[in-house]
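Taking it in order: structure first as C-alpha cells, then the write-up.
Treat the numbers as computed from the prediction; the structure is a model and nothing was measured. To find a chain, count down the sequence lines: A is the first, B the second, and so on, and within it residues start at 1.
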There are 2 protein chains.
Amino acid sequence: MTQDLALLVNRLEQRRPLAPQDREAVLALPYQIRTIAHARQVVRQGERRGEFYLVLSGLIHQHRILSDGSRQITSLHVQGDILCLEDEKTALKCGVESIGESQVAVIGVAAFDRLFDASASLARAIWAETLAVASHYREWLVNLGRRNARERILHLLCELGVRLEAAGISGRDRYQVPLTQEQIGDITGLTPIHVNRVLQSLGKDGVIRRDRRMIVITDWPQAADMAGFDSSHMQTKVAEARVQPAIWRAA
Amino acid sequence: MTQDLALLVNRLEQRRPLAPQDREAVLALPYQIRTIAHARQVVRQGERRGEFYLVLSGLIHQHRILSDGSRQITSLHVQGDILCLEDEKTALKCGVESIGESQVAVIGVAAFDRLFDASASLARAIWAETLAVASHYREWLVNLGRRNARERILHLLCELGVRLEAAGISGRDRYQVPLTQEQIGDITGLTPIHVNRVLQSLGKDGVIRRDRRMIVITDWPQAADMAGFDSSHMQTKVAEARVQPAIWRAA
DNA sequence: CGTGTATTTGATTCCTCTCAAGTTTAGTGG
DNA sequence: CCACTAAACTTGAGAGGAATCAAATACACG
C-alpha cells in the first residue's frame with residue numbers, strides 16, 4: 001500500500017511544499033514493512049545497513065550504550081517519523097529499539113538518494129526535515145544541560161503530550177505513557193529510582209495525576225511553564241493520515 | 001575574495017563529491033564579511049534574520065538562555081563551520097556569540113536556497129552537512145546525559161583538540177583553550193567552580209597539564225578512553241585551505 | 001497462581017551546587 | 001613602568017540533589 005508512504009509525503013510536505021510529481025516519486029519508493037516486537041532491536045549499535053525507517057505505528061527509540069553499560073536514549077519516534085537517515089558510509093552510532101510492538105517501512109538509502117535527482121523542492125523538504133531533527137536534538141541538549149530532574153521529566157511529559165496529540169493518538173494533557181520509568185531515566189539522564197520519586201513528587205504537588213501508565217497533566221500551561229517547555233519548534237498539527245487507534249502494547 | 005567561500009566548498013566537498021559547476025555555484029554566492037568583536041552577539045536569541053554564517057576565523061558559539069538566566073552552549077564553531085542554517089521561517093532559538101574576535105561570511109538564505117536548483121549533488125552535500133550537525137548534537141547529548149563532570153570536561157577537551165587540529169590551528173594534544181572555565185561549564189552543564197575543581201583534579205592526576213590557557217593532554221589515547229571519546233563522527237582531516245595562524249585573542 | 005518485570009520505599013553516600021570570599025591575570029591609563 | 005580595574009581563576013565551607021545499595025511490593029502475563 002502506498003498508504004504507508006503517504007506518511008512520508010505528509011511529513012515532507014509539512015516542511016516544504018511538494019509538486020505532484022515529487023509526491024509520486026516518494027510514493028514510488030520501494031520499501032518493505034517490518035514488524036518489530038516489544039524491546040526488539042531494529043538495528044544494533046555499530047551496524048551498518050544502508051537503509052532507513054519510516055515509523056508506521058508504535059514507538060521507537062534510538063539510544064547509545066556506553067562502555068560502562070549505561071544507556072542514553074537520544075530520540076523517540078512516533079508514527080510518521082524518520083529514523084537513521086544518516087550518512088550511509090558510517091556505522092550507526094546508536095541502536096534502534098522498539099517500545100511495544102511497532103511497524104516500520106524499510107527503505108533503502110540508494111533509492112532514497114535518487115530522490116535528490118527528482119526535484120529540488122523534494123531535496124529542500126528532506127533537508128528541512130533533517131534541520132528539524134537537529135533542532136530537536138538541541139532541545140534535548142538544553143534539557144539535559146540546564147534543568148534539574150523535575151524540570152527534565154516534566155519537559156519530557158509535555159513533549160510526549162504534544163507529539164502524541166500531533167500524531168492523533170491522544171490529547172496533550174492526558175495520555176498513556178508508553179515509557180517505563182527506566183526509559184524515562186535513560187532519556188533524562190537520571191536513575192529510574194529518582195524518576196520514580198520525582199514523578200511521585202509531581203503527583204503530590206498536583207502538577208500531574210497518575211494511574212498506572214496514564215498521565216494527566218493537570219494544568220498544561222502551568223506545567224509547560226515550569227518545565228520551560230516551548231513547542232514552537234515542533235509539529236503540533238494533528239497528522240491528517242491518521243491510521244490506527246492508540247494501542248500501546250504494555251512495555 | 002572567493003577565498004572565503006572556498007572554505008564552504010571544501011566543507012561540502014568533504015561530505016559529498018561536487019562537480020566543477022557546483023563549486024562555481026557556491027563560489028558565486030553573494031556574501032559580505034562581518035567582523036565580530038569578543039563577546040559580541042552575531043545574532044540574538046529570538047531574532048530572525050534570513051541569513052546564515054560561514055566562520056572564516058575565530059571561534060563562535062551558539063547558546064540558549066533560559067528564563068532563570070542560566071545558559072547552555074549548544075555548539076562551538078571554528079573556521080569552515082556553518083552556523084544558523086535553519087528554517088528561515090522560525091526565529092532563532094539560540095543566540096550566537098563570538099569568543100575573541102572572529103570573522104564570518106554572511107550569506108542570505110534566499111541565495112543559498114537557490115543552490116538546491118543548481119544540482120542534486122550540491123543538495124546532497126548540503127544535506128550531508130546537516131546530518132553531520134545533527135550527529136554532533138547527539139554526541140553532546142550523550143555527553144550530558146550519561147557522563148560525570150570529569151568525563152564531560154575531558155570529552156570536551158578531546159573534541160577541542162581534534163577540531164583545532166582539523167582546522168589546522170594546533171595539535172590535538174596541545175593547544176590554547178579558547179574558552180573560559182565559565183564557558184566550559186556552559187557547554188558541559190556544570191558550574192564554573194566545579195569546572196575549575198575538575199580541571200585541577202585532572203591536572204593532579206597527570207591526565208592533563210595546564211599553564212594559563214594552554215592545555216596539554218598527557219596521554220591522548222588514554223584520555224580519549226577515559227572520556228569515552230570517539231572521533232569517528234568528526235572531520236579529522238586537516239583542512240586544506242589553512243589560512244591564518246592560531247591567534248586566539250584573550251577572552 | 002506463579003514468574004518476571006516494573007514500581008515503590010528506605011537508608012546512605014557523594015557528586016555537584018551554592019554562597020562567600022580571596023587571588024591572579026590581562027588590559028588600561030597615568 | 002607601575003598603579004588600577006575588571007574579568008577570570010581559586011579556595012573554603014556547607015547544603016542539597018541525585019546516585020547507590022538493598023529490599024519489598026505491585027503488576028502483567030502465561
Grab the CD1-C1' distance between Ile184(B) and dA8(D) for me, whole Å please. 12 Å

Would you mind reading off the bend of the helix from dC1(C)-dG30(D) to dG30(C)-dC1(D) from its two end axes, five pairs each, to 10 degrees? 40°

In whole angstrom, give the distance that lies between atom CG of Asp211(A) and atom P of dT8(C). 11 Å

Could you check whether any side-chain N or O of Asp211(A) sits under 3.5 Å from a backbone N or O of Met214(A), counting only pairs where one atom can act as donor and the other as acceptor? no

Has Gln72(B) got a side-chain atom pairing as donor or acceptor with Asp186(B)'s backbone, closer than 3.5 angstrom? yes

Partners meeting side chain to side chain donor-acceptor pair (under 3.5 Å) with Asp68(B) (sequence neighbours left out): Ser70(B)

Would you mind reading off the distance between Asp68(A) atom CG and dA19(D) atom P, rounded to a whole angstrom? 13 Å

Please name all residues satisfying ring-ring contact (aromatic ring centres under 6.0 Å, His included) with His194(B), sequence neighbours left out, ordered by chain then number. none

Rounded to whole angstrom units, what separation is found between the NE2 atom of His194(A) and the P atom of dG17(D)? 9 Å

Between dG12(D) and Arg197(B), counting only base atoms on the nucleotide and side-chain atoms on the residue, is there a donor-acceptor pair under 3.5 Å? yes

In terms of side-chain heavy atoms of Arg213(B), which of dA8(D), dA6(C), dA18(D) is nearest? dA8(D)

Roughly, in whole Å, what's the span from CD in Gln200(B) to C1' in dA8(D)? 13 Å

May I have the distance from Lys204(A) (atom NZ) to dT8(C) (atom P), rounded to whole angstrom? 12 Å

Tell me every residue that passes ring-ring contact (aromatic ring centres under 6.0 Å, His included) with Phe52(A), counting only those two or more places apart in sequence or in another chain. Phe112(A)

Would you mind listing every salt bridge (Lys or Arg N to Asp or Glu O under 4.0 Å) that reaches into residues 171-184 of chain B, with sequence neighbours excluded? Glu165(B)-Arg172(B)

The correct set of residues in residues 147-161 of chain B placing a heavy atom under 4.0 Å from DNA chain C is Asn148(B), Ala149(B)

Taking ring-ring contact (aromatic ring centres under 6.0 Å, His included) as the definition, give me every residue that meets it alongside His77(A), ordered by chain and number, with sequence neighbours left out. none

Across all chains, not counting sequence neighbours, the salt bridge (Lys or Arg N to Asp or Glu O under 4.0 Å) partners of Glu139(A) are Arg64(B)

Only pairs under 3.5 Å count here: list side-chain donor-acceptor contacts from residues 197-210 of chain A, not counting sequence neighbours, and write none if there are none.
unit_1	atom_1	unit_2	atom_2	d
Gln200(A)	NE2	Asn196(A)	OD1	2.4
Ser201(A)	OG	Arg150(A)	NH2	2.5
Asp205(A)	OD2	Arg150(A)	NH2	2.5

Tell me: CG of Asn196(A) to C1' of dT20(D), nearest whole Å? 15 Å

Taking side chain to side chain donor-acceptor pair (under 3.5 Å) as the definition, give me every residue that meets it alongside Thr218(B), ordered by chain and number, with sequence neighbours left out. none

Protein-nucleotide distance (Gln181(B), atom CD; dT25(C), atom P), rounded to Å: 13 Å

Contact residues, residues 185-193 of chain A to DNA chain D [heavy atom, < 4.0 Å]: Gly189(A), Leu190(A), Thr191(A), Ile193(A)

Solution key, residues 225-232 of chain B side-chain donor-acceptor pairs under 3.5 Å, sequence neighbours excluded:
unit_1	atom_1	unit_2	atom_2	d
Asp230(B)	OD1	Ser232(B)	N	3.1
Asp230(B)	OD1	Ser232(B)	OG	3.3
Asp230(B)	OD2	Ser232(B)	OG	2.9

